[in-house]
Amino acid sequence: MKKILFVFLFLLAIRPAHSQRMDMTRLQSVYDAIKAAGILHADFVMAQCMQETGNLKCKKCCLRYNNLFGFYIKGNKCKKFSSEAECIAYYKTWQDKRYPKWRAKHPKGTYYDFLKSVGYATGDKYTRELKPKVAWVQKNLRH
């Protein structure tokens, strides 16, 4: 009886939870769109997308407004986009406005440093959460 219980618990532990399953086709598609838009540090940006949208599966986040990156507007409301492509274009514009100036002042800084500096990342916790996602993107999505 103990062996059966052990095997059952083992199988339960190694089986991925339903919420953790990822739609690889959708993730690859968004990643490809990020790269096609010319966004710098696409691996980091895709990791941000995964962080902000629960791997493109959240139901109660900004994703319902085609907001892939958790951008907020005045009043702490999700910025609404007509499409994911519009959101990606917005990120490109947002990055172009901020990143070159920051990079000139911080030539040895990382993209994590940039996100923290511009107020996108709220602190070290965000960086700790983002790092494994960046590694996952680098390992699992086509570059």
Side-chain angles (χ1 to χ4, degrees), residues 4-143:
I4 293 172
L5 181 58
F6 175 76
V7 169
F8 174 75
L9 290 175
F10 177 75
L11 291 173
L12 190 61
I14 65 168
R15 183 183 66 84
H18 185 280
S19 63
Q20 293 175 341
R21 292 192 183 145
M22 296 188 213
D23 181 344
M24 293 297 290
T25 303
R26 181 148 158 65
L27 289 167
Q28 186 68 54
S29 175
V30 171
Y31 183 58
D32 291 344
I34 289 168
K35 292 187 308 178
I39 293 174
L40 301 174
H41 303 283
D43 296 353
F44 288 81
V45 177
M46 184 64 201
Q48 288 176 266
C49 173
M50 293 169 68
Q51 177 70 20
E52 299 296 336
T53 66
N55 299 322
L56 297 170
K57 292 197 173 276
C58 69
K59 302 285 187 224
K60 297 181 181 181
C61 69
C62 294
L63 183 59
R64 66 182 180 257
Y65 304 116
N66 296 306
N67 186 333
L68 299 169
F69 308 106
F71 283 114
Y72 282 86
I73 57 173
K74 199 172 187 176
N76 204 28
K77 295 181 181 179
C78 292
K79 182 166 179 55
K80 295 178 182 178
F81 297 96
S82 61
S83 67
E84 290 179 358
E86 181 186 9
C87 180
I88 291 168
Y90 180 87
Y91 192 104
K92 172 71 170 142
T93 301
W94 177 88
Q95 187 185 66
D96 286 350
K97 182 178 178 183
R98 291 161 181 81
Y99 189 71
K101 293 176 196 171
W102 180 86
R103 175 49 75 202
K105 292 180 183 177
H106 306 89
K108 294 184 180 179
T110 67
Y111 204 69
Y112 298 113
D113 298 329
F114 166 70
L115 293 174
K116 196 172 180 182
S117 171
V118 296
Y120 186 102
T122 53
D124 293 333
K125 181 179 184 255
Y126 190 83
T127 296
R128 282 192 307 273
E129 292 170 347
L130 207 59
K131 281 185 177 183
K133 288 176 176 62
V134 171
W136 185 91
V137 168
Q138 292 170 340
K139 180 181 176 189
N140 293 287
L141 297 180
R142 287 185 320 276
H143 297 277

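Each residue takes its place number in the sequence, starting with 1.
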Worked check of side-chain hydrogen bond (donor to acceptor under 3.5 Å, both in side chains) between Thr110 and Asp113: CA-CA 5 Å; Thr110 67; Asp113 298 329; 3.1 Å; yes

side-chain contact (heavy atoms from CB on, under 4.5 Å) evaluation trace for Ile34 with Leu68: CA-CA 11 Å; Ile34 289 168; Leu68 299 169; 5.9 Å; no

Asp32 side chain vs Ser29 backbone, donor-acceptor pair below 3.5 Å: no

Check: Asn140 and Leu27 side chains under 4.5 Å, non-hydrogen atoms: no

Over all atoms of both residues, closest heavy-atom pair of Phe114 and Trp102: N-CZ2, 3.5 Å

Closest non-hydrogen atom pair between Gln28 and Arg142, with its separation: OE1-N, 2.9 Å

Pairwise distance SG(Cys87) to CH2(Trp94) - rounded to 0.5 angstrom: 11.5 Å

Criterion side-chain contact (heavy atoms from CB on, under 4.5 Å) on Asp43 and His143, from CA distance to verdict: CA-CA 9 Å; Asp43 296 353; His143 297 277; 3.4 Å; yes

Contact check, side chains of Met22 and Leu56, non-hydrogen atoms, under 4.5 Å: no

Check: Val137 and Met50 side chains under 4.5 Å, non-hydrogen atoms: yes

Nearest-0.5 Å distance that lies between atom CG in Leu40 and atom CG in Asp96: 7.0 Å

Asn67 backbone acceptor or donor facing Lys79 side chain under 3.5 Å: no

Cys78 versus Cys61, closest heavy-atom pair with distance: SG-C, 4.5 Å

Straight-line distance of Thr93 OG1 to Ile39 CD1, nearest 0.5 Å: 9.0 Å

Main-chain N/O of Cys58 paired with Arg64 side-chain donor or acceptor, under 3.5 Å: no

Euclidean distance, Ile88 CD1 relative to Cys49 SG, rounded to 0.5 Å: 7.5 Å

Ring geometry between Phe71 and Phe69 (parallel below 30°, tilted from 30 to 60°, perpendicular above 60°): perpendicular

Plane angle bin for His41 and Phe44 - parallel if under 30°, tilted between 30 and 60°, otherwise perpendicular: perpendicular

Closest heavy-atom pair and its distance - Pro132, Arg128: CD-O, 3.1 Å

side-chain contact (heavy atoms from CB on, under 4.5 Å) between Lys57 and Leu63, worked out: CA-CA 8 Å; Lys57 292 197 173 276; Leu63 183 59; over 6 Å; no

Heavy-atom side-chain proximity of Tyr126 to Gln48 below 4.5 angstrom: yes

Over-ring placement of Lys116 relative to Tyr112, 6.0 Å and 45° cut-offs: no

Within-4.5 Å side-chain heavy-atom neighbours: Trp136 and Leu141: yes

Side chain to side chain, Gln95 and Tyr111, heavy atoms closer than 4.5 Å: yes

Trace of the side-chain contact (heavy atoms from CB on, under 4.5 Å) decision for Lys101 with Lys105: CA-CA 7 Å; Lys101 293 176 196 171; Lys105 292 180 183 177; 5.8 Å; no

